[in-house]
Protein chains: 2
Amino acid sequence: MDEVIFEFLSKYIELTEEEKKILSELKFIKSFKKGSLLLREGEMSKECFFILEGCAYSYYLVDGEVKVTEFFTEKQPITPVSYTTKKPSEYYLECLEDCIVSIGSQERTAELMTKMPRLAELGPAFLEDELASQRMKYDTFIKLSPEQRYQNLQKQSPELLDRIPQYLIASYLGIKPESLSRIRKRILK
Amino acid sequence: MDEVIFEFLSKYIELTEEEKKILSELKFIKSFKKGSLLLREGEMSKECFFILEGCAYSYYLVDGEVKVTEFFTEKQPITPVSYTTKKPSEYYLECLEDCIVSIGSQERTAELMTKMPRLAELGPAFLEDELASQRMKYDTFIKLSPEQRYQNLQKQSPELLDRIPQYLIASYLGIKPESLSRIRKRILK
DNA sequence: GTCATTTCTTAACCCAAATCAATGAAAATC
DNA sequence: GATTTTCATTGATTTGGGTTAAGAAATGAC
């Protein structure tokens with residue numbers, strides 16, 4: 001289980017056995033049932049998450065309509081905007097499946113930093129990665145038509161298509177479920 | 001002229017007179033004519049920019065068609081993705097007006113850091129701000145219809161509408177100039 | 001100033017996605 | 001295992017943006 005965390009961190013720094021031990025001891029893990037809300041609109045986010053198992057998604061509710069902005073699966077960190085800005089969240093974070101999640105907080109991160117100072121090094125690199133992928137996401141959305149976006153998703157993350165209900169995929173692509181259904185039909189020919 | 005830079009930096013740290021002097025000495029300023037390209041697709045970006053005067057924009061060329069992703073005006077920093085990733089740029093950066101620009105490079109930044117170590121503090125905060133605004137940009141785009149996006153732009157940055165040709169605004173909003181023209185007419189009633 | 005180019009608007013027609021409605025299939029609940 | 005509820009598909013219709021083409025208005029060049 002801890003391996004999932006180590007694997008993620010190894011993208012940024014090589015962990016010593018000592019450090020792995022510290023992480024194992026200090027980590028805080030929780031399970032959530034499918035449909036649980038990790039964060040509500042209007043709520044202040046005091047926690048950030050790291051998915052060990054399962055799948056979650058973020059969405060806005062714009063006059064009653066769900067607008068999905070992201071899916072998160074194993075090995076993915078979730079840092080809500082509200083967590084960094086310290087303002088109420090404008091979107092929801094919900095478990096799409098039963099989830100096992102490692103939960104971070106300001107305090108726990110601070111404690112971890114003192115016991116393992118090297119962890120601070122990874123901050124800017126992580127932020128840069130997040131920024132780059134966020135920009136890419138926007139740019140791809142701008143550049144492609146709904147149909148191309150679907151094909152792009154199919155190519156980039158085929159797992160998601162098997163795992164996530166189609167009406168949520170549709171929302172993520174910025175279209176209605178009926179339209180996605182037709183796009184799929186169109187492509188099959 | 002330097003004031004513009006100081007004002008920007010004061011969002012993150014208070015500058016001493018000493019530090020202002022260092023900045024004034026080390027800065028590197030250049031002028032560009034309207035239409036100059038600060039960065040080309042396929043090119044490696046070795047520079048980041050800070051607009052002192054004028055206006056620039058970034059755009060993709062997707063089979064011959066311009067897709068605007070951002071406008072930059074006075075007091076705005078431009079950090080091309082290519083500058084951080086060290087991969088060839090996928091988009092263009094062009095001056096929309098005659099521009100006066102402060103230009104940063106890896107080397108000059110390093111030199112500045114040694115003479116003014118406190119500058120490093122601002123790094124993560126700046127990255128966080130960029131990330132937050134990039135996310136907001138995406139989310140706003142997702143949530144709103146073209147018409148709402150125009151009204152949102154009108155409310156958030158009315159200056160841009162007076163300053164930037166409509167066909168580029170249209171591209172930025174993800175629609176064609178003709179459609180923007182129609183939307184404007186629709187709204188006037 | 002005149003001429004040329006760029007930018008903006010308008011109109012007619014086209015098309016993809018939205019909407020509305022109905023039906024089936026699949027899952028969740030009991 | 002029967003019953004709700006949720007999800008996916010399909011059809012008919014509407015709507016808003018795309019396309020094409022023309023002319024008007026603004027801007028720039030000489």
Side-chain angles (χ1 to χ4, degrees), chain A residues 32-37 54-55 57 59-68 71 92 94-99 141-154 160-189, chain B residues 32-36 54-55 57 59-60 62-68 71 94-99 141-154 158 160-189:
Chain A
F32 295 92
K33 278 272 153 221
K34 171 174 176 172
S36 310
L37 290 169
C55 175
Y57 68 116
Y59 61 95
Y60 290 83
L61 259 187
V62 192
D63 27 67
E65 205 185 336
V66 168
K67 302 265 183 180
V68 175
F71 299 112
Y92 295 82
E94 178 170 339
C95 295
L96 205 81
E97 305 171 356
D98 292 350
C99 284
F141 198 93
I142 291 279
K143 282 196 292 190
L144 305 181
S145 67
E147 182 163 341
Q148 292 172 320
R149 289 203 283 272
Y150 177 73
Q151 293 181 304
N152 185 55
L153 183 65
Q154 205 171 28
L160 290 183
L161 296 185
D162 300 328
R163 198 166 177 181
I164 290 165
Q166 215 160 288
Y167 71 102
L168 289 180
I169 298 276
S171 171
Y172 179 65
L173 296 174
I175 57 179
K176 301 283 151 186
E178 296 94 326
S179 298
L180 178 53
S181 190
R182 281 179 189 119
I183 285 175
R184 279 158 51 91
K185 201 167 146 193
R186 214 152 62 205
I187 287 173
L188 279 184
K189 293 187 305 207
Chain B
F32 295 92
K33 278 270 154 222
K34 171 175 176 172
S36 310
C55 176
Y57 69 116
Y59 61 94
Y60 290 84
V62 192
D63 28 66
E65 207 185 335
V66 168
K67 303 264 185 180
V68 175
F71 299 111
E94 178 170 337
C95 295
L96 203 79
E97 306 171 357
D98 292 351
C99 283
F141 199 92
I142 292 280
K143 280 195 293 188
L144 305 182
S145 67
E147 180 162 341
Q148 293 172 318
R149 290 203 283 273
Y150 177 72
Q151 293 181 303
N152 185 54
L153 184 65
Q154 205 170 31
L160 290 183
L161 298 185
D162 299 329
R163 199 166 176 180
I164 291 165
Q166 218 160 284
Y167 71 100
L168 290 179
I169 297 278
S171 171
Y172 179 65
L173 296 174
I175 57 178
K176 300 285 151 184
E178 297 89 334
S179 298
L180 178 52
S181 196
R182 267 192 298 229
I183 286 175
R184 280 159 50 89
K185 199 166 142 192
R186 216 152 60 207
I187 287 173
L188 278 183
K189 293 184 308 204

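What you see is a predicted model; the values in this text were computed from it and never measured. Naming convention: chains lettered A, B, ... in sequence-line order (proteins, then strands); numbering from 1 in each chain.
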Worksheet item: Does a side-chain N or O from B/Gln166 land closer than 4.0 Å to OP1 or OP2 of C/dT6, or not?
Response: no
Worksheet item: Is B/Leu96 close to B/Leu168 at the side-chain level, that is, under 4.5 Å between some pair of heavy atoms?
Response: yes
Practice prompt. Walk along DNA chain D from 5' to 3' and tell me the first and last nucleotide with an atom closer than 4.0 Å to a non-hydrogen atom of chain A.
Written response: D/dC7 to D/dA12
Fill in: A/Ile142: side chain to side chain contact (heavy atoms under 4.5 Å, CB included) partners, not counting sequence neighbours
A/Tyr138, B/Lys67, B/Phe141
Fill in: A/Arg186 side, atom CZ; A/Ser179 side, atom OG - distance, nearest 0.5 Å
8.5 Å
Worksheet item: Taking protein heavy atoms under 4.0 Å as touching, what does nucleotides 16-30 of chain C look like 5' to 3' if B marks base contact, S marks sugar-phosphate-only contact and - marks none?
Response: -SSBB-------S--
Worksheet item: At what angle, to 10 degrees, do the two end axes of the helix from C/dG1-D/dC30 to C/dC30-D/dG1 meet, given five pairs define each axis?
Response: 60°
Response to the item:
Interatomic distance, CZ@B/Arg163 vs CD1@B/Ile169, rounded to 0.5 Å, equals 11.5 Å
Discussion item. Applying side chain to side chain contact (heavy atoms under 4.5 Å, CB included), can you list everything that pairs with B/Glu178, at least two apart in sequence or on another chain?
Written reply: B/Lys176
Discussion item. Whether B/Lys34 and B/Asp98 form a salt bridge (side-chain N of Lys/Arg under 4.0 Å from carboxylate O of Asp/Glu) is what I want to check.
Written reply: no
Practice prompt. Output all residues satisfying side chain to side chain contact (heavy atoms under 4.5 Å, CB included) with B/Arg184, sequence neighbours left out; order by chain, then residue number.
Written response: B/Tyr150, B/Gln166, B/Leu180
Worksheet item: Nearest 0.5 Å, what's the CD1-CD distance between A/Ile175 and A/Glu147?
Response: 9.5 Å
